[in-house]
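Worksheet: one structure, shown below.
Along the sequence shown, residues carry numbers from 1.
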Amino acid sequence: MTQQTLMTDAGALALHRHRSTADAMFLHNAAADEVQDRMGMVNKSFNSAAIVTGHAPAWAPYFPKATLIPDSETLALPVAAHDLVVHAMALHWANDPVGQLIQCRRALMPDGLFLSVAFGGQTLHELRACLGQAEANVTGGMSPRVAPMADLRDMGGLLQRAGFALPVADSQTLKAEYSDIWSLMRDLRAMGETNALSTRLRRPTRRAVLNAAAQLYQDNFASANGRITATFDLIFLTGWAPAESQPKPLRPGSAQQRLADALGTGETKLPN
């Protein structure tokens with residue numbers, strides 16, 4: 001039997017993250033602020049939080065009392081030990097995202113809260129398009145350069161597959177401006193978010209490809225002031241560990257009042 005190739009090269013990802021800098025963590029800061037806002041809207045206090053992340057220094061100041069857990073394939077999370085688990089800006093690199101969510105659910109106490117934020121959907125769609133077109137024009141082929149990221153509906157489906165109750169998925173789009181493609185790629189390197197795909201090109205990219213991509217970016221995605229725009233799509237997932245106290249849907253046919261009566265309208269039978 002042949003072994004399936006994993007999407008992410010864990011060694012390369014760890015190396016890229018090790019080279020990240022605190023000055024480039026503005027997206028993590030925005031994500032952490034949003035997570036705290038969402039926690040504030042929940043009428044519940046949390047006393048045993050765990051944060052799953054590959055960037056512990058960026059998240060520790062926001063959750064000083066939380067246990068910080070690396071986003072390894074097997075999470076170091078005891079069963080039913082936490083009332084809050086946050087999967088922080090790492091799910092887009094997971095080789096088994098459903099497995100990550102299942103492990104987080106098992107780590108929650110009954111009625112514990114799960115929150116996740118990760119890149120998804122349209123993140124860096126401009127860079128992906130320009131690099132792909134440039135490489136095709138210059139070399140006649142294309143290599144994987146930006147990790148494939150799930151859209152909102154797919155991510156919401158993961159919550160249900162993982163067994164969370166009351167699942168909710170929503171997104172927030174952030175746009176950043178850069179002087180050129182080179183400054184964008186420097187920022188991605190400083191974030192630890194450069195290409196860690198297992199199927200990535202293992203030799204340096206030809207300068208002609210990068211120059212062509214830079215021109216395509218400038219021609220197609222420049223703002224009125226001449227700076228290029230980069231999109232970052234943050235997908236937020238919210239779910240609860242199942243508990244008897246949670247509201248549950250009624251059984252089909254158990255309604256005590258007709259919908260027509262509630263709406264104050266007549267009821268018409270459908271034709272056979």
Seminar exercise, completed: Tested for side-chain contact (heavy atoms from CB on, under 4.5 Å) against V117, the lone hit among V35, L27, L91, L237 is V35
Problem set entry | Candidate list L84, V85, T238, test side-chain contact (heavy atoms from CB on, under 4.5 Å), partner F114, passing option | V85
Problem set entry | Distance under 6.0 Å and angle within 45° of ring axis: R189 vs W182 | no
When you compare the side chains of [X] and [Y], does any donor N or O come within less than 3.5 Å of an acceptor on the partner?
| X | Y | result |
| --- | --- | --- |
| T74 | Q103 | no |
| T229 | E126 | no |
| D23 | T21 | no |

Exercise. Going hydrophobic residue to hydrophobic residue with side-chain gaps under 4.5 angstrom, can you get from L158 over to W240?
Worked result: no
Seminar exercise, completed: Smallest heavy-atom separation, I69 atom then A76 atom, equals CD1-O, 3.4 Å
For this session: Taking all non-hydrogen atoms of both residues into account, name the closest pair between C104 and H87 and its distance.
Result: SG-CD2, 3.9 Å
Problem set entry | N-O pairing of K44 and D83 below 4.0 Å | no
Indicate every side-chain donor-acceptor pair of residues 146-154 with a distance under 3.5 Å to a residue at least two apart or in another chain.
unit_1	atom_1	unit_2	atom_2	d
D151	OD1	R153	N	3.4
D151	OD1	D154	N	2.9

Exercise. Which is it for Y62 and N29 under the side-chain contact (heavy atoms from CB on, under 4.5 Å) test, yes or no, and what are the steps along the way?
Worked result: CA-CA 9 Å; Y62 292 91; N29 296 337; 3.4 Å; yes
Hey, are the side chains of [X] and [Y] touching, using non-hydrogen atoms and a 4.5 Å cut-off?
| X | Y | result |
| --- | --- | --- |
| F119 | L234 | yes |
| E193 | M89 | no |
| Q172 | L174 | yes |
| I181 | F221 | no |
| I228 | E177 | no |

For [X], does the [atom1] atom have more than 12 heavy-atom neighbours from other residues, nucleotides or ligands under 6.0 Å away?
| X | atom1 | value |
| --- | --- | --- |
| R202 | CZ | yes |
| R38 | CZ | yes |
| N43 | CG | no |

For the backbone of [Y] and the side chain of [X], can you confirm whether one donor and one acceptor N or O come within less than 3.5 Å of each other?
| X | Y | value |
| --- | --- | --- |
| Y217 | A129 | no |
| Q100 | N95 | no |
| D180 | S183 | yes |
| S48 | A81 | yes |
| T8 | A10 | no |

For this session: Would you mind telling me which of T194, N195, D9 makes a side-chain hydrogen bond (donor to acceptor under 3.5 Å, both in side chains) with R200?
Result: D9
Problem set entry | From CA spacing to verdict: side-chain contact (heavy atoms from CB on, under 4.5 Å), R161, I102 | CA-CA 8 Å; R161 290 177 60 189; I102 290 174; over 6 Å; no
